[in-house]
There are 4 protein chains.
Amino acid sequence: MNGFDDNLNLLKDKLPLVTSASGATVNGKTFGATFEVIAGPCSVESEDSVVECALAVKKAGATMLRGGAFKPRTSPYAFQGLKKVGLDYLVKAGRLVGLPTVSEIMSVRDIDAFADVDVLQIGARDMHNYELLREVGRSNKPVLLKRGFSSTIEEWLSSAEYILSEGNENVILCERGVRNYAAVGKGILDFAAVDAVKRVTGLPVIVDPSHVSPSGKGVGSLALAAAAVGADGVMIETHISPCTALSDAEHQITPSELETIVNSTKTLLGALGRQTADKR
Amino acid sequence: MNGFDDNLNLLKDKLPLVTSASGATVNGKTFGATFEVIAGPCSVESEDSVVECALAVKKAGATMLRGGAFKPRTSPYAFQGLKKVGLDYLVKAGRLVGLPTVSEIMSVRDIDAFADVDVLQIGARDMHNYELLREVGRSNKPVLLKRGFSSTIEEWLSSAEYILSEGNENVILCERGVRNYAAVGKGILDFAAVDAVKRVTGLPVIVDPSHVSPSGKGVGSLALAAAAVGADGVMIETHISPCTALSDAEHQITPSELETIVNSTKTLLGALGRQTADKR
Amino acid sequence: MNGFDDNLNLLKDKLPLVTSASGATVNGKTFGATFEVIAGPCSVESEDSVVECALAVKKAGATMLRGGAFKPRTSPYAFQGLKKVGLDYLVKAGRLVGLPTVSEIMSVRDIDAFADVDVLQIGARDMHNYELLREVGRSNKPVLLKRGFSSTIEEWLSSAEYILSEGNENVILCERGVRNYAAVGKGILDFAAVDAVKRVTGLPVIVDPSHVSPSGKGVGSLALAAAAVGADGVMIETHISPCTALSDAEHQITPSELETIVNSTKTLLGALGRQTADKR
Amino acid sequence: MNGFDDNLNLLKDKLPLVTSASGATVNGKTFGATFEVIAGPCSVESEDSVVECALAVKKAGATMLRGGAFKPRTSPYAFQGLKKVGLDYLVKAGRLVGLPTVSEIMSVRDIDAFADVDVLQIGARDMHNYELLREVGRSNKPVLLKRGFSSTIEEWLSSAEYILSEGNENVILCERGVRNYAAVGKGILDFAAVDAVKRVTGLPVIVDPSHVSPSGKGVGSLALAAAAVGADGVMIETHISPCTALSDAEHQITPSELETIVNSTKTLLGALGRQTADKR
């Protein structure tokens, strides 16, 4: 039989830390106490643009600022990000507007460059990069762990276990879609996985609706579904001018579109009585 | 490039009827005017049990009664359903409680047996059964068309086009999960597909959260997500006593669980202002 | 755990007829006694063209003639085949050159039209069409059963069990590729499945390398691999002039290319000592 | 449209180095001049056992010795390999029997530990680990690059391009199966990909039949298919006593089974006239 066995007794043997985890904090606050909206550009492109975007997403209701500086790109000839300089811009923008920052780390060698970033993101390509998982496990920063392109839930939770087993208690899981022949775009968001993970762990789980939306059109509907299914937040790539973006131009949305989404999720969660820290 | 191209001009050439369709009616009422809840047992097992279940799901808030009489089973030795007698029981139960009925048809030869059933269901296994699609297209009954196990959106809509092209205007699409190595259970519900289909056609789309929930635990969360993403309803397998069911015992829920789900979706949709006929 | 459990004791309980089957015959000869090469056009397009193709594939070394008359097409507006007339042309061509014929049947209603066709093909789309499986099971003709787009081995063998359970002992299985995000074309040929099925059943298994070869370039290499892995034959779509074909123009090969393939497989099988009736 | 576009003009723009590559050498010899058989244990377990295995696989006809020392394991609590000590044992065994060695590297930090290993293996989990790809690209050792669990051919070749773009000309590609719901085991070997890659690049491509064979039973048939389809070799996990292995016990085969496989592939390739350096 295919699938995930959510038998808690078996899971406790295999995943003792994940199954006994209880939440995560970012800068001293409980992550997901209210529905998190992590927004910002796919890539940090310049100081001005990330500051402008930070101001706009803050105004739109974002609770954290994202921005890629070290970019995992399929081709070695594609834009690889501004790297350390990009992180500096992101951190500056985050502090200016008062939002914690999250950015993807791709190498154990870069850990020092992330000293001022608030949350370390492990991308889908690196979910099985155990050396990197251990390294971020030894840092004192919260880690946002995306699910791999075709990883099972048990593999995903096992990667979280790697991080927790190094002493880092602050892991945030992020569902971003698994690859499928029949998908609209690059993958299908697995909402049943979000639900199952929430049932068997105390770790927060967010949803990234951007990467499965080839044209960006589905981002809003999928964000609402994420809120409805019980996710603790969403991460949405947002750009002042999506069509000119240096990477992933096609699925980024505008701050104005983000604001509409934030308001809808607030309405939905308010109706369901879920905006308190004890959400479920 | 993988995926679904939702360019409406191209789609209009390929799928002229689907892209110009405008809703569906069941027994004279607009399907989805309010969020539909189709519930009932996986299989009709006896007259008493289907009547009992019909009363219970009606009380729980269901708007239509489902029940399998001709059952597509992987093994020729598994319970194949009560067939014509099962349909009779289902119709009787539906009329008793005042709910329209829906049941799966598997063969062109059975069309007469469905004379008193209100909606013909085409299962995932038969989405590519073009002879059957044409046959139900020539009937005067609404058709509920499930998506195939690994069918693309364009294939799904093309199967709807087969039905429409025979003159039947009343097609309801049903997303039930596509197969994936990494799935929790038998598939992953593709909510982006629901959203995309709603954008490019006027056909109603519902979600079946039962078949992707190996233990039934995820049904409620996924039904809420379906409501949030803009689906016109859900189809949920419901049984008075799931653990004794003759088929699919593992994922069926009780009428009491159904009632909780119905109430949650009503709350959610009310908050989003979506319970009117002009939902979007 | 994912996958196919080839525990024979368990399989014998679930699939008593499949696991005890011993070969298949076509027109009184053991199918696969020597490596079978089933060739011919995707669609029968005219009497002249199918006769010309039959002569050419016979000369190239084909052992059976294929040709589609009832065509399963995703779109209702695509060429649907010549139907009964197409079957007549195919049968005429087969008799003229002395090759048994195989053609796809899509509906229980068409069974009489296939009276003179030697082998009934069930396509991938119909592997779960149980009514059709039963119908061809009640006929006295050998059945070539393709694997579904995303069907497991157990599902495939269960569909064969449906046919056998109606009294038809002559089932030939055909692997044609399963859908996958990462595939070169429409699917990935599952050679491990061919090997596993050969181990646990006595049914012949052939491979269709055409449908996974988007440009036809891979057909020859994959046919050799099929011979090497132990398949009993191949089915290859062949057209006098592929670029003018009415359907599947892109992957059909020429009779001259077919001849090269036939000769290579003969060399390979000869070296492995596999051309006798007791092949393995 | 799904799939891989093998249009060479387009590929030359995207993958200039991969499309102009011409073979790889290991210790001064052309890799694949004769069909390569890379064999050895999943994990190096002790000095004695790897020496014993090296002697046995050499005798069976292996041309290179493999053995895992740094093991990528889903669970942090599973056996992680003997690490540097394991590499020492492997190198010692390889030198003793006169076989070049290959072992998996998982971290940029371990590069020095591989000084005496002849070929660096990048595992499926690390195909998208661009920092590691660049690092091995800067080394002077040949790199064996496995395809990711669900990676497209273009992604796979792009990862090879990362290595080549750092100046390392010696890349060997390894197909190991892509994940699929319907697979017999953990994946389906994509022989069409082997064929397509051979057509559009000059890089050698081998096949790993072990990881898709849940019980080891299919390894021999799949190795023959690999030879038939045009692969330059196979990598087969081999253990003196598979059932006592510390990892992947279920699919490892014995040296005696390996010998049978080697002999069959030699027979097959001899018949096809493929054992010369200019194989195709």
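The structure presented is a predicted model; accordingly, all values stated were derived computationally and were not measured. Computation of the quantities below employed the complete heavy-atom set of this structure, encompassing side-chain atoms and omitting hydrogens, waters and symmetry-equivalent molecules. In what follows, chains carry the letters A, B, and so on, assigned in the order in which the sequence lines appear, proteins first and then strands, with residues in each chain numbered from 1.
For the pair V178(C)/I188(D), a side-chain contact is recorded, criterion being any heavy-atom separation below 4.5 Å from C-beta on. Within the 4.5 Å cutoff, the side chain of L272(C) has heavy atoms near those of the L224(D) side chain. Contact of the V229(C) side chain with the L222(D) side chain is registered, since non-hydrogen atoms from C-beta on lie closer than 4.5 Å.
If you measure heavy-atom distances from R179(C) to chain D, the contacts under 4.5 Å come from the backbone alone. For chain D, the nearby part of S215(C) is the side chain; its heavy atoms alone come within less than 4.5 Å.
The candidate from L189(C), D6(C), V212(C), I153(C) with the greatest count of non-hydrogen atom pairs under 4.5 Å with chain D is D6(C). When each of T152(D), D190(D), L268(D) is checked for heavy-atom pairs under 4.5 Å with chain C, D190(D) comes out on top. Between chain C and the options A228(D), A226(D), G220(D), A193(D), heavy-atom pairs under 4.5 Å are most frequent for A228(D).
For S151(D) against A182(C), the heavy-atom pair with the smallest separation is O-CB, 3.3 Å.
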